[in-house]
Amino acid sequence: MLKIIEKLIGSYSEREIKKILPIVDKIESLASEYERLTDAELRQKTDIFKQRLKNGETLDDILPEAFAAVREAAWRTLKMRHFRVQLIGGIVLHQGRIAEMKTGEGKTLVATLPAYLNALEGKGVHIVTVNDYLAKRDAEWMGPIYNFLGLSVGVIVHGLTHEERKKAYSCDITYGTNNEFGFDYLRDNMAIYKEELVQRELNYAIIDEVDSILIDEARTPLIISGPAEKSTDLYKRADNFVRRLKPLYYNSDDDKQMPDTTGYDYIVNEKRHTVSLTEEGIKKAEKYFGVTNLADPENATLHHHIIQALKAHALMKRDRDYVVKDGQVIIVDEFTGRLMYGRRFSEGLHQAIEAKEGVRIERESKTLATITFQNYFRLYKKLAGMTGTAKTEEQEFREIYKLDVIEIPTHKPMIRIDHPDKVYKTEKAKFEAIVQEIVETHKKGQPVLVGTVSIEKSEMLSEMLKKHGIKHEVLNAKHHEKEAMIIAKAGQKGAVTIATNMAGRGTDIVLGEGVAELGGLKVIGTERHESRRIDNQLRGRAGRQGDPGESRFYVSLEDDLMRLFGSERIKNLVESLGLPDDQPIEHKLLSDAIEKAQKRVEARNFEIRKHLLQFDDVLNKQREIIYSQRRKVLEGENLRDSILGMIDELVDYKIKVYTGESPHPEDWDIKGLLQDLKFIFLDSELSEQDAKNMTKQELKEKLISIAKEKYEKKEQEVGELMRELERVVLLRVVDMHWMEHIDAVEQLREGISLRAIGQKDPIVEFRFEAFEMFDEMIKRIQEDTIKIILHANVENMPQRERVVKEMYENAPSDTPVRKPVVKTQKVGRNDPCPCGSGKKYKKCCGAV
Ligand code: ADP
Ligand code: MG
């Protein structure tokens, strides 16, 4: 049905391309004019375009001329002139869409058009590749075009120094891998001086092999972790220290008389679930830990540990709030009494309890910063992508990234022959047949590229070929540079190459002499992948740029795809034929059935990714808030108003906490309020008696004015350093709390599926709890910031300092033994859903 309509009105891509063609005509019509320019005149175009942009013209206005300039420059430098279809591709990329262009169509060259055009704005353009080798290759290869036109090109690869990175990012156009771009982003958001930033704003990214990065790797998290606080030790020391302290239990609600704190070290308010050190306690702490001023920002971590240790002792009760089981502290749900495996108290409280109970203190390292590729690339103002295979994932690109896919016609007609699948009953028979075909093809001298789905299978096949004495190469995406060299030769006469699907991606396979006459490159797939896209990648290795070529997939009923997702119908069909094992079946019906199975799996995988995305989104929103605040601090913004605003909010919040919603002063806990604020900014400016005679509004105004007076006094005392003091304190406090927070959210997420046995929707619960945690964190940030600033000591001004000094990175796609494309395990209808919801699969992502 859809096919018929498409015939009548043309496909979506055809219609969209029609709109683009007039621009293409315009570019081509400029060719002769640009050919006549001298090198210097062509080079000057860049300055002219930049000036025109300054004068108010848009990128779209100058697109035809800019593209014509790049085209001419490419010809003069590289002896390549963009084909008509490449101009279409370039426009599609400029428009922030995905250009589907087959392998060998010259996407590297296509990207130079939108890269040049967009770089004219001076905000930077990133071209993203799947590995370091390709980043370097493409930057060096295309560099002459940009340089000719007076633009600079940088490349970001693993192992660069900070200075080198900064330089590369300041170039007009920067090539690099998704990993490097992502990690630099995370590191920039841990910087404590503006000068440390390497990236500029995330303006425009063109992602090569976009399906690999935005679909297959979408949810791969980049993680920067650090050693857990020099902690385990500090937790123990804090624990030892608080054991010798004397608590004053004071529930201000029922106790009208403000007790004298003399002789007590800390105050415990069980109702409010708070603890705080008294003057005496603070003195003891300073003495015990050998510090001069516990309120000093330098000692924030120490203070935090002491408070957590106090809470662990005074507020957390074994077998009520938690149990100790097999050397682990496990939280007890306060409502259901259920053990919440996997969940940990946040902000180091769990560790403090572990110290108290004398069990091993968990967590060797903790996450300091993390982001998934999906979320990283959504940060760019404009995003575009190119690949040979995107169409099958069109819906996902559209829904998740708001990118549509435009299929660009090939430069020359495609003449590759795609043979129907050969289906065998057993895997053994299948591989024997494959070897047979390789042997025969090899005899003719026709090159063969064999695709496997795993390293293990490629090694097995390699063994079989060795027995037949056939020389061959095996590639499995471990050594990109060497592989590129090998795969480039895969089109030579007599070559036999075994490769997993990621191996050598991006490298052109040029046919050797006389190979076209033999039928070109023959691609043999040894198994159908779950995703049609991956199969299409493999096929696309042959028949590039109008070359002859062939492809065929071998399938057996024992393959994962068939075993797990094939329908009974296929099995019955094959059985009914009653053929011997070594007799293949080649039938359109079978190929169709296989494709149906793939479509089912693709749709299911998409659903799972979409579902998981909801979890990622929660932290993502919070990260955006924190990072943008942090950025303002780094940019040197005057924080005076922000700090004063915090005072308003904090007082407001504290009054709410201690007076509740009640309009009746007799219900208010004035004593508690004043006590609490004592540790933040209050001295003896306000007596309990006076406070009790005030309305809520009066009380609020009074407290705010006391705090602000203190603030102004501090400002006078500190002088012009006040602005820096604010920045130092805020950065430190935000980082400390934020890192604790993401760690806690991660643990929440790990734990949440374990308690979703009931009727609750885990994502709803997760969102709710994570939101609450975030809210609480903001409150703590405000409180700590105000407290520390108002207590800062002029003689000993705090300096900017990293909260965590050592950092490690995970490196997702360069870990050696990595499956080419992550496969999901077969999930039974009654199994728990792999998305972690805790529901049965059939009731969750598997629901039809
Ligand atoms: P893709 O990334 O689309 O698979 P590549 O960018 O690797 O393709 O280019 C494939 C080959 O096509 C390269 O060898 C390149 O030199 C060649 N090529 C691309 N565009 C042109 C052109 N306009 N004129 C001549 N050769 C071209
Ligand atoms: Mg390429």
Side-chain angles (χ1 to χ4, degrees), residues 24 27-28 31 67-68 70-93 98-116 127-145 175-178 206-213 384-391 406-412 414 416 449 477 480-481 483-485 487-492 499 501-512 520-521 523 533 536-547 549:
V24 176
I27 302 164
E28 288 188 321
F67 276 32
V70 179
R71 198 164 176 235
E72 183 57 29
W75 177 249
R76 291 189 196 181
T77 49
L78 303 180
K79 287 284 165 284
M80 291 197 277
R81 181 176 273 124
H82 299 73
F83 305 131
R84 193 172 161 81
V85 288
Q86 290 180 316
L87 297 176
I88 300 176
I91 296 170
V92 167
L93 293 177
I98 290 175
E100 186 187 84
M101 301 181 77
K102 301 272 171 273
T103 310
E105 284 295 297
K107 291 184 282 292
T108 320
L109 185 65
V110 172
T112 57
L113 298 163
Y116 171 77
I127 299 182
V128 186
T129 63
V130 291
N131 61 51
D132 278 355
Y133 161 75
L134 289 173
K136 233 163 62 207
R137 183 199 73 176
D138 291 358
E140 279 167 18
W141 188 13
M142 297 295 126
I145 304 179
Y175 285 80
T177 63
N178 47 340
I206 301 171
I207 307 180
D208 193 11
E209 310 288 359
V210 64
D211 56 320
S212 161
I213 294 176
M386 48 192 194
T387 175
T389 47
K391 202 66 192 164
I406 306 294
E407 288 170 281
I408 318 274
T410 52
H411 175 53
K412 290 184 188 158
M414 232 267 299
R416 185 186 64 229
L449 176 69
H480 303 300
E481 188 146 3
E483 284 189 4
M485 248 118 75
I487 204 140
K489 292 192 194 121
Q492 299 299 308
N501 69 60
M502 274 310 285
R505 207 171 171 177
T507 306
D508 204 22
I509 304 183
V510 184
L511 296 187
L521 178 66
V523 164
R533 183 167 47 84
N536 291 341
Q537 269 295 333
L538 181 62
R539 274 212 166 104
R541 291 301 195 150
R544 59 180 273 293
Q545 294 183 1
D547 282 345

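Atoms within a ligand are numbered from 1 in the order they appear, just like the ligands themselves. Side chains are part of it too, since the values below use all heavy atoms of this structure and drop only hydrogens, waters and symmetry mates.
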Discussion item. Checking Thr389 against Asn536: is there a side-chain donor and acceptor pair closer than 3.5 Å?
Written reply: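 Per modelled atom types, Asn536 and Thr389 side chains form no pair under 3.5 Å.
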
Fill in: Neighbour count >12 (heavy atoms, 6.0 Å) for atom NZ, Lys391
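Result for NZ/Lys391: enclosed.
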
Per-pair distances, ligand 1 N/O vs protein N/O, less than 3.5 Å:
residue  : atom   : partner : partner atom : Å
ligand 1 : 3 (O)  : Glu105  : N            : 3.3
ligand 1 : 3 (O)  : Gly106  : N            : 3.1
ligand 1 : 3 (O)  : Lys107  : N            : 3.0
ligand 1 : 3 (O)  : Lys107  : NZ           : 2.9
ligand 1 : 4 (O)  : Gly104  : N            : 2.6
ligand 1 : 6 (O)  : Lys107  : N            : 3.4
ligand 1 : 6 (O)  : Thr108  : N            : 3.1
ligand 1 : 6 (O)  : Thr108  : OG1          : 2.5
ligand 1 : 8 (O)  : Gly106  : N            : 3.1
ligand 1 : 12 (O) : Gln545  : NE2          : 2.7
ligand 1 : 14 (O) : Asp508  : OD2          : 3.2
ligand 1 : 20 (N) : Gln86   : NE2          : 2.9
ligand 1 : 23 (N) : Arg81   : O            : 2.8
ligand 1 : 23 (N) : Gln86   : OE1          : 2.9

Worksheet entry | Lys/Arg-Asp/Glu bridge criterion (N-O < 4.0 Å) met for Asp508, Arg137 |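 Between Arg137 and Asp508 there is no salt bridge, as every charged N stays at least 4.0 Å from the carboxylate O atoms.
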
Worksheet entry | Pair Asp208 + Lys107, salt bridge at N-O below 4.0 Å |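 Result for this pair is no, no salt bridge flagged.
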
Discussion item. I'd like to know if the side chain of Arg71 reaches the main chain of Leu87, judged simply by a donor and an acceptor atom lying under 3.5 Å from each other, with no hydrogens or angles considered.
Written reply: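 Not a single qualifying donor-acceptor pair exists.
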
Worksheet item: About how many Å separate CG of Leu134 and CD of Glu209, when rounded to the nearest 0.5 Å?
Response: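 The CD atom of Glu209 sits 7.5 Å away from the CG atom of Leu134.
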
